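As structure tokens, the structure follows; a few thoughts come after it.
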Amino acid sequence: MPYQQETIKPYYDGEKASQVEKMFNNIAPTYDRLNHRLSWDIDRGWRSKAISLLVPHSPKTILDIATGTGDFAILAAQMLKPERIVGADISEGMMDIGREKVKAAGLAGTVTFDKEDCLNLSYGNETFDAVTAAFGIRNFADLDRGLQEMCRVLKKGGHLSIVELTTPPRFPMKQLFHVYSHTVLPVYGRLVSRDSSAYSYLTKTIEAFPQGERMTKILTKAGFSEATFKRLTFGICTMYFATK
């Protein structure tokens with residue numbers, strides 16, 4: 001089935017960017033705690049696996065798209081030892097927490113943060129050796145444009161590593177995940193974050209996001225020469241790896 005951008009409907013589609021930014025700023029103080037608890041801390045392992053794909057390539061400059069509070073950027077700095085990692089995000093509230101975490105980890109000389117529109121990056125063509133993204137690109141209002149921007153700022157021969165939440169494809173995990181994501185996740189998220197919408201949008205973006213083979217086709221359409229994927233934890237999460 002061919003990919004059609006209009007099938008991707010993020011929860012905030014049609015809202016102003018300022019409203020999206022406000023939502024993430026609101027949940028920033030509880031974001032890390034909620035993510036780890038709601039995934040039973042498995043998200044830490046998912047990030048590690050995605051970063052390990054870049055180890056053989058030893059990237060020196062890395063752009064972490066939709067960096068949030070910087071977990072992926074910090075772990076990448078620790079595992080890959082690059083010269084520079086830039087975390088880009090729309091939410092200053094999230095990145096402010098990331099900046100404190102970077103200082104605490106002693107990585108202030110390596111990891112920095114920029115407020116960026118990830119659909120219209122300010123960086124020049126072929127700036128980075130690698131581009132990464134963890135649990136963020138499903139929120140793009142225009143997935144094609146976002147991936148094209150990631151490809152544009154990546155050097156020729158550079159690599160893209162993505163880890164994203166997905167819907168398990170098989171019984172019984174598919175049914176169990178449906179129940180969990182429609183009941184436990186939004187209710188607990190709402191109680192802890194005190195934001196009535198923030199964790200309701202999550203389930204909708206996961207279900208709407210293209211997965212597996214569809215996503216690899218979208219990556220090649222965006223300009224990447226090779227794209228592969230691997231499902232993790234029964235398909236709750238999927239890694240995508242692409243080369244420019």
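Worth knowing before you read on, the calculation uses all heavy atoms, side chains too, and leaves out hydrogens, waters and symmetry mates. Everything numeric here is computed off the predicted structure, so don't read it as measured data.
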When every non-hydrogen atom of Gly136 is compared with those of Ala66, the smallest separation belongs to CA-CB, 3.9 Å
Using a 4.5 Å cut-off on heavy atoms from C-beta on, say whether the side chain of Thr110 contacts that of Glu83. no
Could you grab the distance from atom NE2 of His159 to atom OG1 of Thr132, nearest 0.5 Å is fine? 13.5 Å
salt_bridge(Glu92, Arg99) N-O dist < 4.0 Å: yes
side-chain contact (heavy atoms from CB on, under 4.5 Å) between Phe209 and Ile137, intermediate numbers included: CA-CA 9 Å; Phe209 194 74; Ile137 64 170; 3.7 Å; yes
What closest approach, in Å, do Ala130 and Leu54 show between heavy atoms, and which atom pair accounts for it? CB-CD2, 4.1 Å
On a heavy-atom basis, the closest approach of Gly235 and Pro169 is CA-CD, 4.2 Å
For Lys49, give me all partners under salt bridge (charged side-chain N to carboxylate O under 4.0 Å, His left out), at least two apart in sequence or on another chain. none
Over all atoms of both residues, closest heavy-atom pair of Asp89 and Met95: O-CE, 3.4 Å
side-chain contact (heavy atoms from CB on, under 4.5 Å) assessment of Lys217 paired with Arg214: CA-CA 5 Å; Lys217 290 178 181 178; Arg214 285 187 69 204; 5.9 Å; no
Working note: Ser161 + Met239, criterion side-chain contact (heavy atoms from CB on, under 4.5 Å); need CA distance, chi angles, decisive distance, verdict. CA-CA 7 Å; Ser161 185; Met239 293 190 305; 6.0 Å; no
What residues, two or more places apart in sequence or in another chain, satisfy ring-ring contact (aromatic ring centres under 6.0 Å, His included) together with Tyr123? Phe128
Do Met215 and Leu143 have side-chain heavy atoms sitting under 4.5 Å apart? yes
Measuring from atom CZ of Arg145 to atom CG of Asn120, what distance do you get when rounded to the nearest 0.5 angstrom? 5.0 Å
Going by the salt bridge (Lys or Arg N to Asp or Glu O under 4.0 Å) test, which pairs reach into residues 50-70, not counting sequence neighbours? none
Between the side chain of Glu116 and the main-chain N/O of Ile90, is any donor-acceptor distance below 3.5 Å? no
If you look at every heavy atom in Ala76 and Pro82, which pair is closest and at what distance? O-CD, 3.9 Å
Using only heavy-atom distances, determine whether the side chains of Thr69 and Lys101 contain a donor-acceptor pair under 3.5 Å. yes
Would you check if Phe135 and Cys237 make a side-chain contact, meaning some heavy-atom pair closer than 4.5 Å? yes
Run the side-chain hydrogen bond (donor to acceptor under 3.5 Å, both in side chains) test against Thr233 and tell me which residues pass, sequence neighbours left out. Trp46
Between Ile85 and the options Thr67, Val111, Ile74, the side chain to side chain contact (heavy atoms under 4.5 Å, CB included) test singles out Val111
Pro168 vs Arg231 side-chain heavy atoms within contact, under 4.5 Å: no
Rounded to the nearest 0.5 Å, the CZ atom of Arg84 sits from the CG atom of Leu63 at a distance of 9.0 Å
May I ask you to test the Tyr240-Leu160 pair for a side-chain heavy-atom distance under 4.5 Å? no
Rounding to 0.5 Å, atoms CD1 (Ile206) and CZ (Arg138) come to a distance of 5.5 Å
Ala77 and Leu107 have their tightest heavy-atom pair at CB-CD1, 3.9 Å
Atom CG of Leu219 and atom CG of Leu147: how far apart are they, to the nearest 0.5 Å? 5.5 Å
Do Val163 and Thr238 have side chains that approach each other closer than 4.5 Å (heavy atoms only, starting at C-beta)? no
Taking the side chain from Lys244 and the backbone from Cys151, do they hold a donor-acceptor pair closer than 3.5 Å? yes
Output for pair (Asp71 CG, Leu75 CG), nearest 0.5 Å, gives 8.0 Å
Does the side chain of Glu226 reach to within under 4.5 Å of the side chain of Thr220, using non-hydrogen atoms? no
Tell me, which pairs form a side chain to side chain donor-acceptor pair (under 3.5 Å) where one or both residues lie in residues 147-156, sequence neighbours left out? Asn125-Arg152, Asp129-Lys155, Glu149-Arg152
With side chains defined as the heavy atoms from C-beta onward, is the minimum distance between Leu80 and Ile62 less than 4.5 Å? yes
Walk me through whether Glu213 and Phe229 qualify under side-chain contact (heavy atoms from CB on, under 4.5 Å). CA-CA 8 Å; Glu213 291 87 353; Phe229 75 95; 3.7 Å; yes
Exam field: side chain Glu164 to backbone Ala133, donor-acceptor pair closer than 3.5 Å: no
Using ring-ring contact (aromatic ring centres under 6.0 Å, His included) as the criterion, list what pairs up with Phe224, not counting sequence neighbours. none
